[in-house]
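Keep in mind that what you see is a predicted model, and the values were worked out from it rather than measured.
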Amino acid sequence: MILVTGGAGFIGSNFVLDWVAQTSEPIINLDKLTYAGNLENLATLQGNAKHLFVQGDIGDIELIKRLLAEHKPRAIVNFAAESHVDRSIHSPEDFIQTNIVGTFRLLENARQFWNTLGAEAKANFRFLHVSTDEVYGSLKQDDPAFTEENRYEPNSPYSASKAASDHLVRSYHHTYGLPVLTTNCSNNYGPYHFPEKLIPLMIVNALAGKSLPVYGDGQQIRDWLYVKDHCSAIRRVLEAGKPGEVYNVGGWNEKANIEIVNTVCNLLDELRPRADNKTYKAQITYVTDRPGHDRRYAIDARKLEKELGWKPAETFDTGIRKTVQWYLDNQQWVEHVQSGSYTQWIEKNYAERKT
Ligand code: NAD
Ligand code: TYD
């Protein structure tokens, strides 16, 4: 079996659902269930013997030690993290704790467990660390896309904490020989995306008749990948990646934020027109920029394609249409995640931004 951490979050739950659907191998899912973790994402797995959910922290040394000794997974896939840049600006401490200290403790537990294995199991074991393109910093308009050789230049407490975790993972390979793999992926979108991030926030705000807050001039560029394609890339790297290697994951889909917001509005105009038949674009509002806002990310995913034969299945057009449709079909999921602490966060992040 494999152990996945953070499997109740956005990407992790998509990975778990796909894993259970596509393989017969059991999966243990360890998740702390922070505000971003949601068991509703995994509701279809209730009673499924291939999926074991455990609530807990990757930094809980005794818990992880027990789980590893009991279940003897052949691999660990580490999704668990604090993941939202704006939250890292307001409260960086949680990011240091989970992304750095938590990853360190998970690695240390993995190393001790790995040392108890026989030669064959030791050689076959994998620790796959799921990371982000944001560790490479910000690109200028004409810079080439990030390759695995780019320098780390993280600019936010989030990306700095992910960069630190990537370095720890690397060091566990070079120092102890732990068979690690690291993936650095571009921005994901798709089902179960928590509506604090750009795309789901725009969809849910549009439908609720609220403003669509675009930071700064809206010309910042992100490189978007449909979440299921990220999951297939992780499965491929787990299967065939070379221990110690880093793989960039992306779909060559650079878009300015304002273009994303306009696309979401166009799709909603088509699929769920406003009662007054005006366009949802009328709700777009430019607001105060994010401090230290990275201008452009772009991923060069040629290594993954050439060496491991991975390619995304979705284009941006097909993926974004599926995503908007998913939110239209899953209004109850949206209502549930919008209760309680979500409202406080929206208040905190947007109340002080001038329009
Ligand atoms: P998310 O915030 O939706 O989910 C994170 C999950 O981790 C949640 O279920 C949360 O409960 C859990 N978690 C948090 N702290 C924990 C802890 N200490 N112990 C155990 N579980 C804990 O994040 P996501 O968007 O699904 O991202 C998953 C991973 O992928 C992260 O490592 C992130 O850095 C990376 N990543 C995300 C993107 C993206 O666009 N979302 C892109 C590239 C890489
Ligand atoms: P986000 O989804 O938070 O991902 P990241 O910061 O990790 O790339 O933001 C994506 C882009 O959208 C980023 O440039 C910030 C911008 N953005 C807005 O313009 N308005 C918003 O309300 C949010 C949440 C993000």
Side-chain angles (χ1 to χ4, degrees), residues 8-11 13-14 17 35-44 83-87 187-218 220 222 224-228 253 255-290 314-355:
F10 164 47
I11 306 172
S13 62
N14 276 286
L17 291 170
Y35 78 92
N38 184 356
L39 286 180
E40 245 181 276
N41 301 3
L42 304 164
T44 54
S83 68
H84 189 32
V85 173
D86 291 317
R87 287 188 193 250
N187 283 57
N188 284 210
Y189 67 98
Y192 305 112
H193 205 181
F194 195 77
E196 63 184 355
K197 307 277 170 68
L198 180 71
I199 291 179
L201 184 93
M202 294 300 155
I203 300 171
V204 305
N205 275 17
L207 292 172
K210 295 186 180 157
S211 68
L212 308 179
V214 174
Y215 296 168
D217 62 4
Q220 301 82 6
R222 298 293 182 265
W224 295 92
L225 184 69
Y226 190 62
V227 63
K228 301 282 182 193
N253 273 312
K255 307 263 180 221
N257 292 340
I258 189 62
E259 197 183 335
I260 294 288
V261 178
N262 282 329
T263 304
V264 166
C265 290
N266 289 339
L267 282 165
L268 286 173
D269 287 343
E270 176 196 326
L271 299 169
R272 184 68 56 85
R274 273 175 35 155
D276 61 6
N277 266 323
K278 287 196 177 131
T279 169
Y280 285 96
K281 286 179 201 152
Q283 291 164 231
I284 293 174
T285 317
Y286 288 88
V287 300
T288 311
D289 208 353
R290 171 188 281 173
E314 302 290 341
T315 63
F316 186 72
D317 286 350
T318 59
I320 192 71
R321 183 173 281 274
K322 281 186 183 173
T323 304
V324 170
Q325 190 62 56
W326 187 88
Y327 280 86
L328 289 171
D329 294 343
N330 289 276
Q331 287 291 304
Q332 210 178 37
W333 181 91
V334 172
E335 279 161 32
H336 291 173
V337 300
Q338 281 181 313
S339 60
S341 65
Y342 177 77
T343 320
Q344 287 153 27
W345 163 251
I346 294 295
E347 184 62 23
K348 188 173 182 182
N349 191 38
Y350 295 96
E352 285 169 13
R353 289 180 195 272
K354 290 199 178 68
T355 58

Participant: Kindly say whether Phe10 contributes a backbone atom to a donor-acceptor pair with the side chain of Asn14 at under 3.5 angstrom?
Facilitator: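 Confirmed, Asn14 side chain pairs with Phe10 backbone.
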Participant: Please check: side-chain N/O of Gln283 versus main-chain N/O of Ala206, any donor-acceptor pairing under 3.5 Å?
Facilitator: yes
Participant: Walk me through whether Gln325 and Asp329 qualify under side-chain hydrogen bond (donor to acceptor under 3.5 Å, both in side chains).
Facilitator: CA-CA 6 Å; Gln325 190 62 56; Asp329 294 343; 3.1 Å; yes
Participant: Does Arg321 make a cation-pi contact with Phe316 (under 6.0 Å, within 45 degrees of the axis)?
Facilitator: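 Negative - Arg321 is either too far from the ring of Phe316 or too far off its axis.
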Participant: Any side-chain to backbone donor/acceptor pair from Asp269 onto Tyr280? Under 3.5 Å, distance only.
Facilitator: yes
Participant: Just one of Phe194, Tyr342, Trp345 clears the ring-ring contact (aromatic ring centres under 6.0 Å, His included) bar with Tyr35, so which one?
Facilitator: Phe194
Participant: Of Lys197, Lys348, Arg353, which meets salt bridge (charged side-chain N to carboxylate O under 4.0 Å, His left out) against Asp86?
Facilitator: Arg353
Participant: Is it true that Glu314 and Lys322 make a salt bridge, defined as a side-chain N closer than 4.0 Å to a carboxylate O?
Facilitator: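 Lys322 and Glu314: salt-bridged.
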Participant: Between Glu40 and Tyr192, is a side-chain hydrogen bond (donor to acceptor under 3.5 Å, both in side chains) present by the stated rule, with each step listed?
Facilitator: CA-CA 9 Å; Glu40 245 181 276; Tyr192 305 112; over 6 Å; no
Participant: Quick check against the 3.5 Å criterion: does Asn205 have a side-chain atom that pairs as donor or acceptor with the backbone of Leu212?
Facilitator: no
Participant: Check whether Thr355 reaches the backbone of Thr285 with its side chain - one donor and one acceptor, N or O, closer than 3.5 Å.
Facilitator: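 Answer holds: no.
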Participant: Backbone N or O of Lys281 within a donor-acceptor pair of the Thr279 side chain at under 3.5 Å?
Facilitator: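 Yes.
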